[in-house]
Amino acid sequence: MKVQNKKQKRRQRIRRAVFLFFLLLLMTGAYVMYRYYREEKSQQEQFDKLEEWENNPIPSLAPANENNPDWIGWLKIKDSSISYPVMQKEGGGEYYLHRDFDGNYSFYGTPFLDGRCTPDSDNCIIYGHNINGRRMFGALHAYDSEEYYKKHPEIYFRAGEEKRNYQIVSVIHADTSFSAYSFTDVGNWEEYREYVGVILSHSLYQTELGEQIKKKREEETAEQFFQKYQFLTLSTCRSWAGRDARLLVVAARERQNAESICRIAD
């Protein structure tokens, strides 16, 4: 009887320990989720205030860090959740990958321009986190649908004081080795022509401007076609499709001064 009682007490202690262990896991998970929720809510409130200032820059709405030299522009897709400041830290590479507008740690980060680019690059690459629930740049996955593209064909990007409108030319599923990530600025006709061909040929579907660019690329000489368009690429970070999987939404606008660009071509 005593042996049986000891076994029962041991089993009770084990069950109690297991219960406490899973309770601790549950509480820890709940705390982490709550912390992420608070962080996301706080950052979204900051983005909302910045957007209000972006749309109506009057002193009473000015953010505390409005003169942040890393704030180089604003990115927006009409009738979508994409409306964010764009950052670029001089010499900082991926500085804003896990930092908010003020430079504080943030799991969600802030969209930022590739360190190799300037706003006048042949292809401006902007990175943003691919958050579950299609938040941040996760919202770009809606472009998997051609119907969504037709309703949202344009990307607005304020670069410094210049307001720009780009038309989407390609939606691409790729990985980190995709050659278009090397397309920022090029110095010769053929290289530019080749990169544009890669962007167009990998699209999930044909877009209106994409078709026009493809036609000009085929009809014009490499010299005539050189730098005729400036591209804007929005890239997600890792996704549920794999650690190295990426989604790229590429847009373009015709350069107003294409004929006056003077670069030495190889």
Side-chain angles (χ1 to χ4, degrees), residues 46-59 61-63 65-93 95-96 101-102 109-128 136-137 139-140 143 149 152-170 180-181 183-187 192 195-196 199 207-210 212-213 216 225-235 248-263:
Q46 183 183 52
F47 287 153
D48 290 343
K49 289 179 180 179
L50 288 168
E51 184 176 21
E52 192 173 5
W53 167 254
E54 175 75 16
N55 295 331
N56 190 16
I58 59 177
L61 297 176
N65 201 11
E66 64 171 297
N67 295 318
N68 184 346
D70 300 338
W71 184 14
I72 63 166
W74 193 272
L75 179 71
K76 183 178 179 66
I77 298 176
K78 188 177 179 181
D79 298 326
S80 80
S81 61
I82 302 290
S83 186
Y84 298 114
V86 178
M87 316 298 287
Q88 188 180 50
K89 182 76 170 178
E90 185 176 356
Y95 181 84
Y96 282 96
F101 180 83
D102 296 319
T110 308
F112 62 94
L113 182 66
D114 191 302
R116 300 167 297 170
C117 299
T118 72
D120 294 320
S121 289
D122 294 329
N123 183 28
C124 298
I125 306 175
I126 298 176
Y127 302 94
M136 295 291 289
F137 272 22
L140 295 176
Y143 280 104
Y149 146 71
H152 306 81
E154 191 172 76
I155 298 176
Y156 164 82
F157 178 42
R158 176 184 63 75
E161 298 299 320
E162 184 182 6
K163 297 178 180 180
R164 305 173 177 178
N165 290 304
Y166 295 79
Q167 299 294 318
I168 292 172
V169 298
S170 187
Y181 279 114
F183 178 31
T184 53
D185 285 294
V186 296
Y192 178 84
Y195 275 128
V196 174
I199 286 173
T207 69
E208 183 176 345
L209 183 57
Q212 293 175 21
I213 295 176
K216 286 189 178 182
F225 187 71
F226 183 49
Q227 295 180 322
K228 179 161 285 188
Y229 297 92
Q230 184 197 39
F231 293 86
L232 175 70
T233 297
L234 308 185
S235 172
L248 287 75
V249 177
V250 186
R253 64 173 187 148
E254 189 165 359
R255 292 184 189 266
Q256 300 302 312
N257 61 338
E259 295 181 359
S260 65
I261 293 177
C262 296
R263 287 193 185 177

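Numbers here are sequence positions counted from 1. None of these values were measured; they are calculated from a predicted model.
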Peer 1: Does the pair Lys49/Asp102 count as a salt bridge with the N-to-O cut at 4.0 Å?
Peer 2: no
Peer 1: Less than 3.5 Å apart, any donor N or O on the side chain of Tyr181 or Ser235 sitting next to an acceptor on the other?
Peer 2: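 Checked: Tyr181/Ser235 side chains pair up, N/O donor to acceptor below 3.5 Å.
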Peer 1: Can you tell me how far apart CD (Gln88) and CD1 (Ile126) are? Round to the nearest 0.5 Å.
Peer 2: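 Output value for this atom pair is 9.5 Å.
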Peer 1: Could you walk me through whether Tyr143 and Ile168 satisfy the side chain to side chain contact (heavy atoms under 4.5 Å, CB included) test, starting with their C-alpha distance in whole Å, then the side-chain angles of each, then the deciding distance to 0.1 Å, before giving a yes or no?
Peer 2: CA-CA 10 Å; Tyr143 280 104; Ile168 292 172; 3.2 Å; yes
Peer 1: Can you name the closest pair of heavy atoms from Cys117 and Thr184 and give their distance?
Peer 2: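 Shortest heavy-atom separation between Cys117 and Thr184 comes out as SG-CG2, 3.6 Å.
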Peer 1: How many angstroms lie between CZ in Phe137 and OH in Tyr127, if you round to the nearest 0.5 Å?
Peer 2: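 Answer for the CZ-OH pair, Phe137 versus Tyr127, is 11.0 Å.
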Peer 1: Other residues, nucleotides and ligands only: do more than 12 of their heavy atoms fall within 6.0 Å of CD on Glu154?
Peer 2: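 Check passes, neighbour count above 12.
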Peer 1: Of all the heavy-atom pairs spanning Leu113 and Pro119, show the shortest one and how long it is.
Peer 2: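 Between these two residues, the closest heavy atoms are CD2-N, 4.2 Å.
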Peer 1: I'd like to know whether Val196 forms a side chain to side chain contact (heavy atoms under 4.5 Å, CB included) with Phe231, so could you lay out the CA-CA distance, the side-chain angles of the two residues, the decisive distance to 0.1 Å, and finally the verdict.
Peer 2: CA-CA 9 Å; Val196 174; Phe231 293 86; 3.6 Å; yes
Peer 1: I'd like to know whether CD of Glu90 has more than 12 heavy-atom contacts from other residues, nucleotides or ligands below 6.0 angstrom.
Peer 2: no
Peer 1: Quick one: closest heavy-atom pair of Phe183 and Val186, and the distance?
Peer 2: CD1-CG1, 4.1 Å
Peer 1: So do Val250 and Leu232 actually touch side chain to side chain, heavy atoms under 4.5 Å?
Peer 2: no
Peer 1: Listed by chain and number, what are the ring-ring contact (aromatic ring centres under 6.0 Å, His included) partners of Tyr192, not counting sequence neighbours?
Peer 2: Phe225, Phe226
Peer 1: What are the two closest heavy atoms between Met136 and Phe47, and how far apart are they?
Peer 2: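 Closest pair (atom of Met136, atom of Phe47, distance): SD-CE1, 4.1 Å.
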Peer 1: What distance separates Phe157 CZ from Lys76 NZ, expressed to the nearest 0.5 Å?
Peer 2: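 Atom-to-atom, Phe157:CZ and Lys76:NZ are 15.0 Å apart.
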Peer 1: With a distance cut-off below 6.0 Å to the six-membered ring centre and an angular limit of 45° from the axis, does Arg158 pair with Trp71 as a cation-pi contact?
Peer 2: yes
Peer 1: Between Asp122 and Lys228, is the closest basic N to carboxylate O distance under 4.0 Å?
Peer 2: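 No salt bridge links Lys228 with Asp122.
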Peer 1: State whether Arg253 and Glu162 are salt-bridged, where the test is any N-O pair (Lys NZ or Arg NE/NH1/NH2 against Asp/Glu carboxylate O) under 4.0 Å.
Peer 2: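 Result for this pair is yes, salt bridge flagged.
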Peer 1: Any heavy-atom pair between the side chains of Gln167 and Glu254 that's under 4.5 Å?
Peer 2: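 No, their side chains stay 4.5 Å or more apart.
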Peer 1: Set out, in order, the CA-CA distance, both residues' side-chain angles and the distance that settles side chain to side chain contact (heavy atoms under 4.5 Å, CB included) for Lys163 and Trp74, then state yes or no.
Peer 2: CA-CA 9 Å; Lys163 297 178 180 180; Trp74 193 272; over 6 Å; no
Peer 1: I'd like to check Asn123 versus Ser121 (side-chain heavy atoms, cut-off strictly below 4.5 Å). Are they in contact?
Peer 2: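 No, every pair of side-chain atoms sits at 4.5 Å or beyond.
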Peer 1: For Tyr166 and Gln230, test the side chains for any donor-to-acceptor distance below 3.5 angstrom and give the result as yes or no.
Peer 2: yes
